[in-house]
Amino acid sequence: MEKNTKQITEKLNGAEETKRQFLFMEKAKEYVALLEQELGRKPTCCVTTFGCQMNARDSEKLAGILELTGYVLVDDEDADFVIYNTCTVRDNANQRVYGRLGHLNSLKKKNPHKKIALCGCMMQEPSVIEKIKKSYRFVDLIFGTHNIYKFAELLVAMFENETMIIDIWDDTDQIVEDLPVERKYPFKSGINIMFGCNNFCSYCIVPYVRGRERSRNPKDIIHEIERLVADGVVEIMLLGQNVNSYGKNLKEPMSFAQLLKEIEKIEGLERIRFMTSHPKDLSDELIQVMKESKKICRHLHLPLQAGSTRILTAMNRRYTKEQYLALAEKIRKEIPDIALTTDIIVGFPGETLEDVEETIEVIKKVQYENAFTFIYSKRTGTPAAAMENQVPEEVVKEGFDKVLQTVQETARMRVALLQGQTLDALVEEVNEQDPTLVTGRLSNNTIVHFKGGKELIGQIVPVYLKECYGFYYLGEIMNK
Ligand code: 5AD
Ligand code: SF4
């Protein structure tokens, strides 16, 4: 059954829509209670996330609604309800979903009550929906990125129909506030400050699947953070595809730097992070606010993508190699203890090994603390996918290996510079390999493991950085 819930609520404002969704949650609760009677136990659910921090945050919203309707959250895909929150930024993300769906089907054959749902970026692609309709008939519910706030309503529709429910919208200007959220960590949280992207980098599918840029109202953001802090959160991560263009489309425009200044004032909040910055929009005002801040973490993720100006132009990145280098140099000069990380794509159409040498030159000059290196993935519908000069696999591989090696060398060198210092770490978890250790994160995002117990989780403690092991440290907790 193809559904379009958009017409029904188009005229409702955000607050009315929130109320409406809570009514659906009540209705869903009744169905979950019936299921509980039938099963003789609480029904379980599992939310699996693919992709970025935005998706991770969306998954917390899905989990919040599922929990409120009476499901018990588990990590096991054997659960009675499984939802995949998908990513489509590179093709391997799509392939992983198809691969795992086969396994879900075999689990469903053993559990007649099992329901399977798919949502997120990949579902915004018409070819994906066609494929699922044809080859994955056992899926019960599919929706996209624009109507995730209607999850409760869609759950009800799923309970009331035997056939596959599909509800995908092309866009939305709606931002619905105050729906339930189930956080993964009690002490830290992501917060959306904006949705969508207007940049249309020529390789990237995000603007097509996440829609146009929309900023949340600063008051709503501040209230959400205040509530989180009252609930024990000490670190927040402000999320947006391009946070540096925050506020441009608000009724009363506001810059990202101004928003940060307001957030800084929130008492009890200890650390502020944000992701992602587009170099073309990173202002001097932001550098100044970061420099003066006591709470903004010493970490900036500044995607380079490529070092050659020719390739950057073809990518529609709207900066040159020289402009990027000048910006990185300015940031390092103004905030010397900052860690710079980046994203790099190798193998964009027309990229030669000479171009890759320019990327390597930038890596050596900037000396990133960490870099995520990706092989270019052709995304149908993007301008780059139609370019004729796609790079042969062997050439891509050669360039990729060189880039990766350079990144690792410079990152090791940079991270090692902290040795012997005592810095604050927010303790995040008990170490997975060695339960006598806990794992903490420095302001500059470096990981440190040190002796300690789970009572330290959520605390910020000074740690002596004793030994560097490439990208992380072994340390010792110091007295406060
Ligand atoms: N191929 C490879 N990498 C991509 N990214 C975005 N689109 C593609 C693509 N088509 C990378 C960019 C971006 C990161 C989130 O994913 O480096 O910054
Ligand atoms: Fe994609 Fe570019 Fe937007 Fe980032 S800024 S989401 S790479 S289009």
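In each ligand, atom 1 is the first atom listed, and ligand 1 is the first ligand listed. Keep in mind that what you see is a predicted model, and the values were worked out from it rather than measured.
In this structure, atom 7 (N) of ligand 1 lies nearest to the protein heavy atom Tyr203 CD1, 3.3 Å. If you check which protein heavy atom lies closest to atom 15 (C) of ligand 1, you get Asp343 OD2, 3.8 Å. With respect to atom 1 (N) of ligand 1, the closest heavy atom belonging to the protein is Ser377 N, 2.9 Å. Scanning the protein heavy atoms around atom 12 (C) of ligand 1, the nearest turns out to be Gln305 OE1, 3.4 Å. Distance from atom 11 (C) of ligand 1 to its nearest protein heavy atom, with residue and atom name: Arg90 NH1, 3.2 Å.
Side-chain atoms of Glu60 and Lys184, non-hydrogen and from C-beta on, do get closer than 4.5 Å to each other.
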* To do: Start with the C-alpha gap between Glu77 and Tyr84, add the side-chain angles, then the distance that decides, and say whether side-chain hydrogen bond (donor to acceptor under 3.5 Å, both in side chains) holds.
  => CA-CA 10 Å; Glu77 293 189 355; Tyr84 279 1; 2.8 Å; yes
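For Arg57 and Glu224, the salt-bridge test passes: some basic side-chain N is under 4.0 Å from an acidic carboxylate O. We find that Asp343 and Arg90 are not joined by a salt bridge, their nearest charged nitrogen and carboxylate oxygen being 4.0 Å or further apart.
By the side-chain hydrogen bond (donor to acceptor under 3.5 Å, both in side chains) test, Asn316 is found to be paired with no residue, residues two or more places apart in sequence or in another chain being considered.
A heavy-atom cutoff of 4.0 Å around ligand 2 is satisfied by the protein residues Cys197, Asn199, Phe200, Cys201, Tyr203, Cys204, Val206, Pro207, Gln241, His278, Arg317.
Cation-pi geometry between Lys61 and Phe151 is not met: the NZ or CZ atom fails to fall both under 6.0 Å from the ring centre and inside 45° of the normal.
Under 4.0 Å from ligand 1, heavy atoms of Val89 appear from its side chain as well as its backbone.
Using a non-hydrogen distance threshold of 4.0 Å, Ile375 registers as a contact of ligand 1.
Which parts of ligand 1 touch Tyr376 is read off a 4.0 Å heavy-atom cut-off, strictly below it: atoms 1 (N), 2 (C).
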